Amino acid sequence: MRANPIPETPDQTNPDSGGVAEERLLETRVQKAANLRARGIDPYPARFKPTVTSIRAVARLEAREAKLGEGAKTRSVTIAGRVMARRGMGKAAFLDIKDADGKIQVHARQDVLGADFAILDDLDIGDIVGVKGPVFRTRRGEPSVEARSFTMLTKAVRGLPDKWAGLQDIEKRFRQRELDLITNDRSMALVRTRSAIVSAIRRFMEKQDFIEVETPVMVNVAAGASAQPFQTHHNALNRDLYLRIATELHLKRLVVGGIDRVFEIGRIFRNEGIDAEHNPEFTTIESYQAYADYNDVMQMVEDLVSSVAQSVTGSMIIPSLNESEPDIDLTPPWPRLDLRTEIMNRTGIDFLNENEVESLSGAMRERGIHVEDGLPWGRLLDKVISAEVEPHLIQPVFLVDYPTEMSPLAKHKPEDDRIVERFEAFAIGTEFANAFTELNDPVEQRKRFEEQERLRQSFGDDEMDRLDEDFLVAMEHGMPPAGGLGLGIDRLSLLITGERSIREVIAFPQLRRLD
RNA sequence: GGUCCGCUAGCUCAAUUGGCAGAGCAACUGACUCUUAAUUAGUAGGUUCUCGGUUCAAGUCCGAGGCGGAUCACCA
């Protein structure tokens, strides 16, 4: 055992760098790395090749046991992973090693390991190591790698959170997600599930002959949705640019160009509040399909969501994570509820009658719905939906046929220009998809945008959709009839994982910086 | 943005009415060759989120602020 020098006077030069105790813990481990170097051992070697993962190593042992019976040993394997626990017994030690697949125990004995055993003097929980040797089963039945050689792969100079309780502090879990992943299996599972969801979506779309594209994130006009954009600046062009708030308009231009089935999975940015359902950057899939209408898209959405759930979780029924909420059954078909009827049933308000700001806001006040002054009609009605209808939509459902004024990019019904062919998909009280039969009449599209601009002027509402001249010119060249979809991947991940906070399904959610 | 709740050792948590800030894990010095929350003897570790106030005395009470959570408002 070598003595680790403890600083006689704590470092006062940088009082913000953490407590003295923390500094000392770090210093101790840095010293251990130096100890290894002094003995000619690189604590950060560049290469190491494991031959099996923990799970495969155990599988090999089981196969061997099936053939040879109890007491069987495999041929030598090589594993690598992080030391999660350590039980030392003088001239022997047990280590729990965690890799990408799971955990396996390592048994290190001085007589077996020889010189490498001395590495354990400078080993800490949290270090990443490589171990080579046969897999056997201990007397207590634990599959274990009998260490014949032992390699330090990465000396960690900070310790892990509590080995039993893990990292519990919610704020730390989000700010230091890597520690959350190391110690909390649920967090790792959520990252993997989200990845599987995106992968399944991509396979679903490709199977239906959609092609995936990438369109600009930085745009001259943040159009295609109602939201405030983030602003940035390009120095060489000396132009202000915006981060996109939707991928819609570029994708439609690709449909004009002849890509009949197109989709993009991408990040969009909305300069708005942050809460359990909103992160300022979030991921959507938007798709556009020529010669389809919103009924086709509706069917695609329920097929997509249910089959993604099936392939990711093995079931279309998502079990509730707590007693107070029901399981969610994603099995298609989902009910199609007429929006106007649904609002009337919930509130008695008929949006075709209350078609002026005054009458609608009056009706809302009568119903006890808080009305903010200065909002245009469409935003008011949106509020009625989100306050009075949306919270009741727990099982998956489509709300169908929206007012034209709140849907500037959707085609109106053939028999009624006050209503557009649009639906939104809801579950767990939250909207997760929005789709319509796309408006492709360029003259009407221009009129609708101009109306949005007029509303923006008169209401001073920064969130109205904006007029994008490049898009309008494209439409003037003719876009085939098409059905379009926007679906929130984060929201879908909430639905499929059973989580209720978007921060749980985003690896690094936006948080206020610590100063 | 409003309201409520939380912030104590590296991690997980205690601390009675305002009365000496404590435990487990991790760490450090030892013992220990089949343990698995190993066992075992000892040691060290604190700006109780920050600033101010009340008080003989503040982790605890009051005020302001920071960060987070829940909820309402707004958005997807």
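Chain letters run A, B, ... following the sequence lines, proteins first, then strands; residues in each count from 1. All values reported here derive from a predicted model rather than from experimental measurement.
- Glu286(A) is linked by a side chain to side chain donor-acceptor pair (under 3.5 Å) to Thr247(A), Tyr288(A), counting only residues two or more places apart in sequence or in another chain.
- Between the P atoms of A58(B) and C49(B), the separation comes to 15 Å (whole Å).
- Heavy atoms of Glu142(A) sit under 4.0 angstrom from at least one base atom.
- The stretch residues 374-407 of chain A participates, sequence neighbours left out, in these ring-ring contact (aromatic ring centres under 6.0 Å, His included) pairs: Trp334(A)-Phe398(A), Phe398(A)-Phe423(A).
- For the P atoms, the distance linking U60(B) with G6(B) amounts to 13 Å, nearest Å.
- Look at the P atom in both G10(B) and G63(B): the space between them is 30 Å, to the nearest Å.
- Evaluation of the salt bridge (Lys or Arg N to Asp or Glu O under 4.0 Å) test over residues 386-406 of chain A, restricted to residues two or more places apart or in two chains, returns Asp401(A)-Lys413(A).
- In this entry the distance linking CH2 of Trp164(A) with P of G24(B) reads 18 Å, nearest Å.
- Distance, Leu26(A) CG to C28(B) P: 13 Å, rounded to whole Å.
- Distance NZ (Lys73(A)) to P (C34(B)): 15 Å, rounded to an integer number of Å.
- Stacking of Phe282(A) onto the six-membered ring of A76(B) is present: less than 5.5 angstrom between centres, less than 30° between planes.
- Within the structure, the salt bridge (Lys or Arg N to Asp or Glu O under 4.0 Å) test picks out the following pairs touching residues 96-106 of chain A (sequence neighbours left out): Arg87(A)-Asp96(A), Lys98(A)-Asp185(A).
- Within the 4.5 Å cutoff, the side chain of Arg336(A) has no heavy atoms near those of the Val397(A) side chain.
- Phosphate proximity of A38(B) to Lys163(A): present, with a side-chain N or O under 4.0 Å from OP1 or OP2.
- Using a 4.0 Å heavy-atom cutoff across all strands shown, Arg500(A) reaches no nucleic acid atom at all.
- Here Leu167(A) lies in heavy-atom contact (under 4.0 Å) with sugar-phosphate atoms only.
- No engagement by Ser386(A) is indicated, since no non-hydrogen atom pair under 4.0 Å with the nucleic acid exists.
- A heavy atom closer than 4.0 Å to some atom of RNA chain B occurs in no member of residues 396-410 of chain A.
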Per-residue pairing states of RNA chain B in dot-bracket (Watson-Crick or G-U under 3.5 Å; . unpaired, | other strand) read (((((((..((((.....[..)))).(((((.......))))).....(((((..]....))))))))))))....

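- With P as the reference atom, C25(B) and U36(B) are 14 Å apart, rounded to whole Å.
- Listed pair Arg140(A) / C34(B) fails the phosphate criterion, with no side-chain N or O lying under 4.0 Å from OP1 or OP2.
- The stretch residues 128-139 of chain A touches RNA chain B through Phe136(A), Thr138(A), Arg139(A), each having a heavy atom within less than 4.0 Å of the strand.
- Protein atom CD of Glu390(A) is 12 Å distant from nucleotide atom P of C72(B), rounded to whole Å.
- Of the residues in residues 88-107 of chain A, those placing a heavy atom less than 4.0 Å from an atom of RNA chain B are Gly88(A), Met89(A), Gly90(A), Lys91(A), Ala92(A), Phe94(A), Gln105(A), His107(A), in numerical order.
- By the 6.0 Å contact criterion, CE on Met89(A) is enclosed, its count of non-hydrogen atoms from other residues, nucleotides or ligands being greater than 12.
- Applying the side chain to side chain donor-acceptor pair (under 3.5 Å) criterion to Arg37(A), with sequence neighbours excluded, gives no partner residue.
- The base of G24(B) lies close enough to the side chain of Asp162(A) for a donor and an acceptor atom to sit less than 3.5 Å apart.
- Checking Asp180(A) against Gln176(A) by side-chain atom types alone, no donor-acceptor pair falls below 3.5 Å.
- With respect to the salt-bridge test (charged N to carboxylate O, under 4.0 angstrom), the residues Asp124(A) and Lys32(A) qualify.
- Backbone-only engagement by Asp124(A) is indicated by non-hydrogen atom pairs under 4.0 Å involving sugar-phosphate atoms exclusively.
- Under the ring pair (Phe, Tyr, Trp, His ring centres under 6.0 Å) criterion, Phe94(A) pairs with His107(A), sequence neighbours left out.
- Toward the 5' end of RNA chain B, the nearer of the two residues Leu123(A) and Gln110(A), judged by each one's closest nucleotide, is Leu123(A).
- Rounded to whole Å, the C1' atom of U43(B) lies 15 Å from the corresponding atom of A9(B).
- One atom, CD1 of Ile125(A), and another, C1' of C28(B), lie 14 Å apart when rounded to the nearest Å.
- Put simply, CD1 on Ile369(A) is 15 Å from P on C72(B), counting in whole angstrom units.
- One interatomic measurement links the two molecules: CD1 of Ile489(A) to C1' of A76(B), which rounds to 13 Å at whole-angstrom precision.
- Residue pairs meeting the salt bridge (Lys or Arg N to Asp or Glu O under 4.0 Å) criterion with at least one member in residues 426-436 of chain A: none, sequence neighbours excluded.
- If you check every strand for non-hydrogen atoms under 4.0 Å, Asn271(A) touches nothing.
- Atom pair Glu22(A):CD and A26(B):C1' shows a separation of 13 Å (rounding to whole Å applied).
- Here Glu499(A) pairs with Arg186(A) in a salt bridge; the nearest charged N to carboxylate O distance falls below 4.0 Å.
- Side chains of Ser320(A) and Glu325(A): no donor on one and acceptor on the other come within 3.5 Å.
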Atom pairs under 3.5 Å: protein N/O with N/O of nucleotides 65-71 of chain B:
residue, atom, partner, partner atom, Å
C67(B), O3', Arg175(A), NH2, 2.9
C67(B), O2', Glu171(A), OE1, 3.1
C67(B), O2', Glu171(A), OE2, 2.0
C67(B), O2', Arg175(A), NH2, 3.3
G68(B), OP1, Arg512(A), N, 2.7
G68(B), OP2, Arg512(A), NE, 3.3
G68(B), O4', Glu171(A), OE1, 2.9
G69(B), OP1, Arg503(A), NE, 3.0
G69(B), OP1, Arg503(A), NH1, 3.1
A70(B), OP2, Arg503(A), NH1, 3.4

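- Between A38(B) and Arg87(A), a contact under 4.0 Å exists linking OP1 or OP2 to a side-chain N or O.
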